[in-house]
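Chain letters run A, B, ... following the sequence lines, proteins first, then strands; residues in each count from 1.
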Amino acid sequence: MPQTPIAIVWFRQDLRLADNPALYAAAGSGATILPVFIHDDEEAGDWGPGSASRWWLRKSVTALNESLQGALRIYRGKASEILPKLARDVGADAVYWNRCVEPWRVLRDRAIKEQLQQAGIRIHTSNGSYLYDPAEVAKPDGTPYRVFTPFYRRGCKDLSPRQPLPAPKNLRLDNSSHPDGHDEKPPLPAFPWFDEAEHGWQPGEQGARDVLAQFLDTGLERYAEARDRPDIDGVSRLSPHLHFGEVSPHQVREAVLERKGKQQHDAVDKFLSELAWREFSAHLLYHWPELTHDNLQKKFDRFPWQQDENLQQAWQQGATGYPMVDAGMRQLWRTGYMHNRVRMIAASFLVKNLLQDWRVGARWFWNSLLDADLANNSASWQWVAGCGADAAPYFRIYNPVSQGRKFDPNGDYVRRYVPELATLPDKYIHCPWEAPAHVLESAGVKLGEDYPKPIVELAASRTRALDAFSSLAKKAG
DNA sequence: TTTTGAGTTGTTCGA
DNA sequence: GTCGAACAACTCAAA
């Protein structure tokens, strides 16, 4: 038997040492720490990490292992088998982890907890990943919120997030050899074609710290106006770091609040409310696990989705003939990332103008986004489709041309990702089909050859979407 | 229980 | 070019 008790710390979406409540508690117990990560694709079912996420995850786990001086045991397989066996084999006294909201994890973790407890092992779980514990926020009558504003203004008001915890000092790590673990074989690289140098991401806790520092220095002050502009880098770019828990929302919140001077007041509030949307998505997924696949509003079960694989493929490939949509979809394919404003435009186009089921889009994003997050992705797609928690006005249908003119006024963003249109004048950069023949010719663009003609007509497809929505309103449908 | 006010992100039309 | 109004009906939150 070991001289000191052994505590397993099970890392999941909290790949950091600082402000990690599970790690902090385990270290504080005086036990020898045995850190573990498990690639559990089997129990994840349909929602294991997508292709792009795998690239990130692999790097981030490696970075975490380095911070832990190589002590991280990395396994591949069913956590419900690996963890109890490991706990038995090493004679663990306790197992620590931070809770997640993905339905498959909630179910799995509950079963593992019971199993371990029956074996006499102490389980210690924490809320490591959200400012407001999704299970704790509730209306006065005890039921969960379905609308953002009251959730944020009321539900979260009296719950004050914790101060970030320091990284534990003098971690007593288990250094014994462990031939059974340490499956270092990385998952297949997901996006073999994408150029790592191009996007400049650095997965891991240090990378997250750098991105946050950069945002505080140069991004925050203009965040309120710039966040909607894909042509200038006005967003925080924290999303993948937050998703994998390389930085906690508590750390981000605290850092941002420190900057809440007079000038940055609005920007800070705006940014914190964006962080709160992440909280709201987690709240929704926690309370409505069917969010990933069922319309939250049941009447949408009879929405007349079309199923057209040609249209879906054109959308996926960035070949719809609408530059703003195509630029976004190509940015996604090339870099594993898409600017938030463009996500809404591209998503709205698929769901409203093409009448394709939101689940088709959600699946594509899940697979292609480095920051794919089940709560954010599911909640946001339902929001765009109008079947989500809050009743979006039925008439909110984005026009990719007006959105382009408004948020990419010089066409810089389009030109970056749709280079075949690069020499087109600003006036036509968002609507090449309206350009006179001689303009197209001098820009060297043959519509239908170099760049597609629009696959649907905007006004007609908008009317069609409005009709589809009003068909839902009819009683007894 | 009933009632009232409100609901992230938009577009179009006509004055 | 700018600006305000219209665009369904519904659900949720809270009084």
P atoms of C:dA6 and B:dT8, separation to the nearest Å = 22 Å

How far does the P atom of B:dT12 sit from the matching atom of C:dA8, given to the nearest Å?
-> 15 Å

Would you confirm whether the ring centroid of A:Phe215 sits within less than 6.0 angstrom of the ring centroid of A:Tyr223?
-> yes

Is the ring centre of A:Phe469 less than 6.0 Å from the ring centre of A:Phe300?
-> yes

Indicate whether the side chain of A:Gln403 and that of A:Asn399 have a donor and an acceptor atom separated by less than 3.5 Å.
-> no

Against the side chain of A:Gln403, the closest entry in C:dC10, B:dG10, C:dA14 is B:dG10

Compare the minimum distances between each of C:dA15, C:dC7, C:dC10 and the side chain of A:Arg154, then state the nucleotide with the smallest one.
-> C:dA15

[N] phosphate, OP1 or OP2: any side-chain N/O from [X] under 4.0 angstrom?
| X | N | result |
| --- | --- | --- |
| A:Thr149 | C:dA13 | no |
| A:Arg227 | B:dT8 | no |
| A:Tyr398 | B:dG10 | no |
| A:Tyr145 | C:dA14 | yes |

[X] [atom1] to [N] [atom2], straight-line distance once rounded to whole Å:
| X | N | atom1 | atom2 | value |
| --- | --- | --- | --- | --- |
| A:Asn353 | B:dT11 | CG | C1' | 12 Å |
| A:Phe349 | B:dT11 | CZ | C1' | 16 Å |
| A:Leu466 | C:dA9 | CG | P | 13 Å |
| A:Asp467 | C:dA8 | CG | P | 11 Å |
| A:Glu274 | B:dT8 | CD | P | 12 Å |
| A:Trp277 | B:dT8 | CH2 | P | 6 Å |
| A:Lys270 | B:dT8 | NZ | C1' | 6 Å |
| A:Arg153 | B:dG5 | CZ | C1' | 14 Å |

Distance-only check: which donor-acceptor pairs under 3.5 Å involve side-chain atoms of residues 409-416 of chain A, not counting sequence neighbours?
unit_1: A:Tyr413; atom_1: OH; unit_2: A:Gln331; atom_2: OE1; d: 2.5
unit_1: A:Arg415; atom_1: NE; unit_2: A:Ala422; atom_2: O; d: 2.8
unit_1: A:Arg415; atom_1: NH1; unit_2: A:Asn410; atom_2: O; d: 2.5
unit_1: A:Arg415; atom_1: NH1; unit_2: A:Asp426; atom_2: OD1; d: 3.4
unit_1: A:Arg415; atom_1: NH2; unit_2: A:Leu424; atom_2: O; d: 2.7
unit_1: A:Arg415; atom_1: NH2; unit_2: A:Asp426; atom_2: OD1; d: 2.9

Do the rings of [X] and [Y] sit parallel, tilted or perpendicular, given the 30° and 60° boundaries?
| X | Y | answer |
| --- | --- | --- |
| A:Trp366 | A:Trp47 | perpendicular |
| A:His283 | A:Trp288 | perpendicular |
| A:Phe148 | A:Trp277 | parallel |

Reckon A:Arg341 touches a base, only the sugar-phosphate, or nothing at all at heavy-atom distances under 4.0 Å?
-> base

Annotated structure of DNA chain B as dot-bracket, pair cut-off 3.5 Å, Watson-Crick or G-U only, | for inter-strand, is .||||||..||||||

[Y] six-ring face occupied by [X] cation (under 6.0 Å, within 45°):
| X | Y | result |
| --- | --- | --- |
| A:Arg12 | A:Trp10 | yes |
| A:Arg227 | A:Phe271 | no |
| A:Arg16 | A:Phe244 | no |

Please tabulate the protein-to-nucleotide N/O contacts below 3.5 Å involving nucleotides 12-15 of chain B, giving atom names and distances.
unit_1: B:dT12; atom_1: OP1; unit_2: A:Asn399; atom_2: ND2; d: 3.3

